[in-house]
Amino acid sequence: MKVLQRYFAVNITQAVVFVLFAFLGLIAFMDLTGELPSVGKGNYQFQHALLYVALMLPGHVYEVMPVAALIGTIYAMAQFAQSSEFTIMRASSMSTRMAGMMLFKIGVVFVVITFIFGELITPRTAPLAEKVRLTAKGSTLASEFRSGMWTKDNVHAPGPNGVRGEIVGSRFFNARQIRPDGQLLDVRVYEFDKAMRMRAIITAASASFSGNGTWRLQNVTETLFTNSRTLPEPGAPVPAGQTIQSTFGQDTSAVATRRLDSLDLVSEITPKILQVSRRDPERMSANELAVYSRHLVENRQESERFQIAFWKKLIDPLAIFVLMALALPFAYLHTRSGGVSLKIFIGIMIGVSFILINSLFSHLGLLSTWPAFVTAAAPSLLFLALAVGALRWVERH
């Protein structure tokens with residue numbers, strides 16, 4: 001059985017690697033074609049486009065590996081059927097369960113490789129590719145938005161020993177430009193209390209992260225609203241004899257403005273959060289998705305898209321097992337049921353269908369507010385049912 005396992009592994013691995021490289025070559029050609037119009041803008045030259053495309057390839061490995069495993073396994077199984085090798089294996093007491101276990105062991109290797117590319121390599125190469133592109137063009141992040149990049153976090157009261165205390169308000173963070181090195185330019189910070197009454201406006205020419213949740217702002221103008229005659233909490237009665245003069249319960253005598261060369265701002269926002277907030281969730285690791293989703297939930301922002309991407313990041317590589325199981329019935333089909341080319345074409349159609357259904361469920365789950373886990377797992381469960389049904393059918397016939 002070890003010899004048979006090795007024979008399966010060699011043939012399937014060779015076919016999967018061939019299909020994977022074919023897909024990557026096609027995708028790289030299409031990506032390079034898309035980058036050619038940008039060549040010549042600023043210092044962005046053809047070699048920068050090649051480097052950008054090369055750094056984006058690990059992300060494509062993660063995306064196409066399940067389909068490559070499906071088509072490669074179908075090719076190997078169809079070859080076994082055409083040469084009657086699989087018939088001989090079955091006559092030698094190899095059951096469907098044994099064949100499935102051999103495919104499972106081979107699939108473990110592909111799943112591990114996919115996780116490595118998705119969790120370790122792509123989260124590092126994708127930001128590097130974007131940095132190379134922006135640096136060569138001389139542009140900055142968030143420059144494509146007229147008002148820059150916005151994010152939100154909570155304001156905490158100072159706690160003992162540097163620990164953050166309870167939440168006392170919220171803060172809206174705006175940066176007109178973000179350099180590839182993480183420095184923020186033209187920064188604006190708007191702070192509110194729990195009743196959403198403005199307490200401070202801070203503007204700074206630049207900001208750099210100094211660690212421990214602290215941003216060092218440069219050339220700062222800080223406007224504080226410190227009037228003690230503030231509005232009562234929403235729903236609370238107005239004290240007798242008190243008249244509210246303005247919308248915020250403030251007057252000009254309670255507004256103080258000061259200018260500083262630098263100011264340290266303690267915030268939950270980190271450069272990592274700013275980076276992932278504008279990145280495609282498909283290019284993020286599961287850890288980054290979990291951190292950013294938690295940040296959005298804590299700040300009462302929509303996080304469904306990132307939660308779905310988190311579960312897809314964990315479940316999609318496991319779909320390799322499902323798709324390889326779906327390829328096993330092709331070994332039971334004789335040559336008169338269709339040649340190798342027809343079976344490969346069917347495999348390509350199945351792979352394309354899996355990608356389309358996976359994408360469809362992601363959008364449907366987002367629109368219908370389905371649970372993130374159900375949205376991510378439904379396509380794999382559907383194809384698993386198809387694989388089980390196909391195996392039962394071929395065994396009966």
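Just the heavy atoms: all of them, side chains too, but no hydrogens, waters or symmetry mates, feed the values below.
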Exercise. Is a side-chain N or O of T369 found less than 3.5 angstrom from the main chain of G365, in a donor-acceptor match?
Worked result: no
*asked:* Any heavy-atom pair between the side chains of R392 and V388 that's under 4.5 Å?
replied: yes
Pairing donors with acceptors under 3.5 angstrom, does anything connect the side chains of D153 and S267? yes
Which of V64, L323, I348 passes side-chain contact (heavy atoms from CB on, under 4.5 Å) with I71? It is I348
Salt bridge (Lys or Arg N to Asp or Glu O under 4.0 Å) filter on K313, not counting sequence neighbours, yields none
Dump the intermediate steps for side chain to side chain contact (heavy atoms under 4.5 Å, CB included) on W370 and E304, then the final yes or no.
CA-CA 9 Å; W370 294 344; E304 288 80 6; over 6 Å; no
Worksheet item: Any sub-3.5 Å donor-acceptor pair from H363's side-chain atoms to L360's backbone N or O?
Response: no
Discussion item. For Y62 and D316: C-alpha separation, side-chain torsions, deciding distance, then whether side chain to side chain contact (heavy atoms under 4.5 Å, CB included) applies.
Written reply: CA-CA 9 Å; Y62 174 84; D316 280 358; 4.0 Å; yes
With sequence neighbours left out, the residues meeting side-chain contact (heavy atoms from CB on, under 4.5 Å) with V189 are R171, F173, V187, E191, I202, L265
Across all chains, not counting sequence neighbours, the side-chain contact (heavy atoms from CB on, under 4.5 Å) partners of A372 are Q307, I308, W311
- Task: Take M65 and I320, measure what side chain to side chain contact (heavy atoms under 4.5 Å, CB included) needs, and give me the verdict at the end.
- Result: CA-CA 8 Å; M65 178 63 86; I320 291 176; 3.7 Å; yes
Residues at least two apart in sequence or cross-chain that pass side-chain contact (heavy atoms from CB on, under 4.5 Å) with L224, listed by chain then number, are A200, E222, T226
Sorted by chain and number, sequence neighbours left out, side-chain contact (heavy atoms from CB on, under 4.5 Å) with I350 holds for L70, L326, F330, I346, F383
Practice item. Say whether V16 and V108 are linked into one hydrophobic cluster, either directly or through other cluster members, by side-chain heavy-atom distances under 4.5 angstrom. Key: yes
- prompt: Quick check: are there more than 12 heavy atoms from other residues, nucleotides or ligands sitting under 6.0 Å from CZ of F373?
  reply: no
(Q) When you group the ILVMFWY residues by side-chain heavy-atom contacts below 4.5 Å and let the links chain together, are V67 and M77 in the same group? (A) yes
Checklist line | D261 atom CG: more than 12 heavy-atom contacts under 6.0 Å | finding: no
Result block: side-chain N/O donor-acceptor pairs under 3.5 angstrom for residues 25-32, not counting sequence neighbours:
from : atom 1 : to  : atom 2 : distance (Å)
D31  : OD2    : H60 : NE2    : 2.8

Report yes or no: do E85 and Y7 form a side-chain donor-acceptor pair below 3.5 Å?
yes
Output for pair (F117 CZ, T122 OG1), nearest 0.5 Å, gives 7.5 Å
Would S380 and F321 count as a side chain to side chain contact (heavy atoms under 4.5 Å, CB included) here? Give the steps. CA-CA 10 Å; S380 297; F321 294 127; over 6 Å; no
Fill in: Aromatic contact, Y44 with Y52 (centres under 6.0 Å)
no
Check: Any sub-3.5 Å donor-acceptor pair from E119's side-chain atoms to S285's backbone N or O?
Finding: no
With a cut-off of under 6.0 Å to the ring centre and 45° to the axis, is R199 in cation-pi contact with F225?
-> no
